[in-house]
Amino acid sequence: VEDVVSLSDGREEQWRESHRHNPVEDECEARDLVERAMAVLPLNQREVVRLHVFEELLLKEVAQRLGLSYCTVRELWRKARKRLRKFHKK
């Protein structure tokens with residue numbers, strides 16, 4: 001459902017145009033935010049996040065891929081999430 005503001009003087013279309021999202025700009029902003037967030041992580045945490053989130057591997061599969069124990073990967077994931085939450089609150 002589209003929000004429409006009814007303006008009596010004919011500015012409705014102008015309002016719609018000014019509030020329209022540009023998907024390309026939105027995608028660039030999102031990519032920039034993700035890159036900045038990932039940059040705050042140590043390399044080992046960044047790799048766990050990349051494999052788990054972007055390659056959609058289970059933590060068990062991440063552990064196998066990296067040659068680490070499941071417990072180590074789970075702890076790296078926990079620390080990465082904590083650090084990313086702090087980054088997001090800034």
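Among pairs with a residue in residues 44-72, those fulfilling ring pair (Phe, Tyr, Trp, His ring centres under 6.0 Å) read His52-Trp77, at least two apart in sequence or across chains.
Remark: Glu56 CD is loosely packed, at most 12 non-hydrogen atoms of other residues, nucleotides or ligands lying under 6.0 Å away.
Going from atom CG of Asn44 over to atom CG of Leu66 covers 9.0 Å, rounded to the nearest 0.5 Å. Rounded to the nearest 0.5 angstrom, Arg65 CZ and Glu47 CD are separated by 8.5 Å. The CG atom of Leu58 sits 11.5 Å away from the CG atom of Leu51 when rounded to the nearest 0.5 Å. Here CZ of Arg46 is found 10.5 Å from CZ of Arg50. Values are rounded to the nearest 0.5 Å.
A distance-only check finds no donor-acceptor pair linking the side chain of Arg83 to the backbone of Leu41 [under 3.5 Å].
When every heavy atom of Leu84 is checked against every heavy atom of Val40, the shortest pair comes out as CD2-CG2, 4.5 Å. Here the closest heavy-atom approach between residue Ala80 and residue Val49 is recorded as CB-CG2, 3.6 Å.
Look at Glu35 and Arg31 and you find no salt bridge, because none of the NZ, NE, NH1 or NH2 atoms lies under 4.0 Å from a carboxylate O.
Taking the side-chain hydrogen bond (donor to acceptor under 3.5 Å, both in side chains) definition, one finds that Glu75 meets it with Arg78, sequence neighbours left out.
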